[in-house]
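Down below is the structure, laid out as structure tokens.
We name chains A, B, ... by the order of the sequence lines, and we start the count at 1 in each one.
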Amino acid sequence: MSSATNAEDGSTAGFEVPDYDVDATLGCGQAFRWEPVHGGWEGVVSGRWARVEATPIGIRATCLGDPEGWDWLRRHLALDEDLAAILETFPEDPPMRAAVAACRGLRLLRQEPWECLASFICSSTKQIVQIRQIVRELAGGFGEPVVAPADRGPVHAFPGPAALASAGEAALRACRLGFRAPYLLDAAERVVDGRLDLAAIARMPTREAREALMSVEGVGPKVADCVLLFAYGRQDAFPIDVWVRRALQELYFPKARRLTPERLARFSAGHFGPYGGYAQQYLFHHVRMRAGRVGGTARAGITPEPGSGDGR
DNA sequence: AGCCAGGACTAAT
DNA sequence: ATTAGTCATGGC
């Protein structure tokens, strides 16, 4: 930390961080509660409202109340991660190089497991803007109020499993969850009654942790990998969604007719190295930016389609 | 109006 | 062990 100021009702601190792209990190679809406000990003971390802005040498953060050393935010934002060392492990191929060139400074967050699991249960066959909407409604409906600047309107923490378990399926469906409502309910009930121990998962080998997560209804391989990667720091976990699947096919298997999920998973695990999940997020964000799906509406005619010949 | 979305589940081969 | 149908909902 290079500087800090403390007012009666809030604190601001500057952090020197090389290669930190705030927009890419908070807007790339790994987390759903950070929102762009007045040139910065605002969200709720560990029950606290926080604002983050990019500076020439790193980031500036603001919170209300006692920041208590900022470890909660430093950990969430992964400020201590050696990004350069991670990027060096990426494979030296043209698609990977292009992705890193396009969004260097993107970092994986360290999210709270329950919020991450619940959010990605809501994510299946939903657009990111809709996921953000669902998560916002869940927080507003069932989350604890959080102290925030008065002009922001009411801000709520993401609701804990007990709050969602007691909400009932109908109330969850009212948040536009659709068929995912019973899935989220199942997850909440498992955490509440102990069948799913989110703290124990942190200590499990990745394979075992993945199985434990997939015991929840509505949690398949992709959602489990997202939680392993975004919340549990298993940076070799490689979520394959429709965007990543298309990117892999177009960029690495332009001739292949169709590849089974198992074959793509095997290729990814072998090709992208110990930080494959990190590489995956670079590919994901790169193709979505290229398609105009980040920070606005899609531009006509650029949406990637299989066989459109953009890859090489 | 029709297609698609950071999928997973189920039933039928 | 693979494959199609189904599930809500909203953006484009």
- Item | Under the ring-ring contact (aromatic ring centres under 6.0 Å, His included) test, residues paired with F179(A) that sit two or more places apart | none

- Task: Using the aromatic ring of F120(A) (for Trp, its six-membered ring), decide whether it stacks on the base of dG6(B) within the limits of 5.5 Å and 30°.
- Result: no

- Query: Nearest-Å distance, NZ (K126(A)) to P (dG11(C))?
  - Reply: 9 Å

- Within 6.0 Å of CZ in R97(A), more than 12 heavy atoms from elsewhere: yes

- Between R51(A) and E53(A), is the closest basic N to carboxylate O distance under 4.0 Å? yes

- Note on the structure: Walking DNA chain C from its 5' end, the first of E262(A) and S124(A) to be reached, judged by nearest nucleotide, is E262(A)

- How many Å lie between CG on L109(A) and C1' on dG6(B), as a whole number? 15 Å

- Task: For S123(A), report the nucleic acid contact type (base, sugar-phosphate, nothing); a contact means any heavy atom under 4.0 Å.
- Result: sugar-phosphate

- Item | Closest-nucleotide ordering on DNA chain B, the 5'-leading residue of C28(A) and E217(A) | C28(A)

- Message: Salt bridge check, E262(A) against R266(A): does any charged N sit closer than 4.0 Å to a carboxylate O?
- Response: no

- Query: Between R293(A) (CZ) and dC12(C) (P), how many Å, whole number?
  - Reply: 7 Å

- Output the residues of residues 127-143 of chain A in contact with DNA chain C, where contact means a heavy atom of the residue under 4.0 Å from an atom of the strand; sort by number or write none. Q127(A), Q130(A)

- Considering only the P atoms, how many Å lie between dC4(B) and dA4(C), rounded to the nearest integer? 16 Å

- Item | Donor-acceptor contact present, side-chain Y20(A) to main-chain A54(A), <3.5 Å | no

Using nucleotides 3-6 of chain C, report all nitrogen or oxygen pairs with the protein that are shorter than 3.5 Å.
unit_1	atom_1	unit_2	atom_2	d
dT3(C)	OP1	R258(A)	NH1	2.9
dT3(C)	OP1	R258(A)	NH2	2.8
dT3(C)	OP2	R258(A)	NH1	3.1

- Query: Considering residues, nucleotides and ligands other than Y275(A), do more than 12 of their heavy atoms fall under 6.0 Å from its OH?
  - Reply: no

- Residues, nucleotides or ligands: over 12 heavy atoms within 6.0 Å of R195(A) CZ: yes

- Item | Pairwise P distance for dG5(C) and dG6(B), with rounding to whole Å | 24 Å

- Other hydrophobic cluster members with W49(A), side-chain heavy atoms of Ile/Leu/Val/Met/Phe/Trp/Tyr under 4.5 Å, chained? V44(A), L64(A), V146(A), V147(A), V155(A)

- Message: Counting the atoms with a prime plus P, OP1 and OP2 as sugar-phosphate, which does G29(A) contact under 4.0 Å by heavy atoms, base, sugar-phosphate, or nothing?
- Response: base

- Query: Are the aromatic rings of F90(A) and F272(A) close, with centres under 6.0 Å apart?
  - Reply: no

- Task: Using the C1' atom on both, measure dC9(B) against dG10(C) and round to a whole Å.
- Result: 22 Å

- Query: With a 4.0 Å cut-off on heavy atoms, is Q280(A) in touch with a base, just the backbone sugar-phosphate, or nothing at all?
  - Reply: base

- When the distance from CZ of F284(A) to P of dA5(B) is rounded to whole Å, what number comes out? 11 Å

- Contact residues, residues 163-172 of chain A to DNA chain C [heavy atom, < 4.0 Å]: none

- Message: Between R48(A) and E68(A) (salt bridge meaning N to carboxylate O under 4.0 Å), is one present in this structure?
- Response: yes

- Message: Can you measure R210(A) atom CZ to dG7(B) atom C1' for me and round it to whole angstrom units?
- Response: 13 Å

- Fit a plane to each ring of F284(A) and W243(A), take the angle between them on a 0 to 90° scale, and name the class: parallel (under 30°), tilted (30 to 60°) or perpendicular (over 60°). perpendicular

- Message: What is the distance, to the nearest angstrom, from the CG atom on L259(A) to the P atom on dT2(C)?
- Response: 13 Å

- Message: Set out, in order, the CA-CA distance, both residues' side-chain angles and the distance that settles side-chain contact (heavy atoms from CB on, under 4.5 Å) for Y252(A) and M96(A), then state yes or no.
- Response: CA-CA 10 Å; Y252(A) 294 97; M96(A) 198 68 247; 4.1 Å; yes

- Quick one, which residues of residues 176-195 of chain A touch DNA chain C with a heavy atom under 4.0 Å? R176(A), G178(A), F179(A), R180(A)

- Query: Salt bridge or not for D225(A) and K222(A), using N-O below 4.0 Å?
  - Reply: no

- Query: P atom, dA8(C) versus dA1(B): distance in rounded Å?
  - Reply: 22 Å

- What integer distance in Å separates R288(A):CZ from dA5(B):P? 10 Å

- Note on the structure: For Y278(A) and Q235(A), the nearest pair of non-hydrogen atoms, with its separation, is CE1-NE2, 3.5 Å

- So, R110(A) and E81(A), do they make that salt bridge, N to O below 4.0 Å? no

- Name the nucleic acid region contacted by F230(A), choosing base, sugar-phosphate or nothing; use a 4.0 angstrom heavy-atom cut-off, strictly under. base

- Query: Think R246(A) has a side-chain N or O under 4.0 angstrom from the OP1 or OP2 of dC4(B)?
  - Reply: no

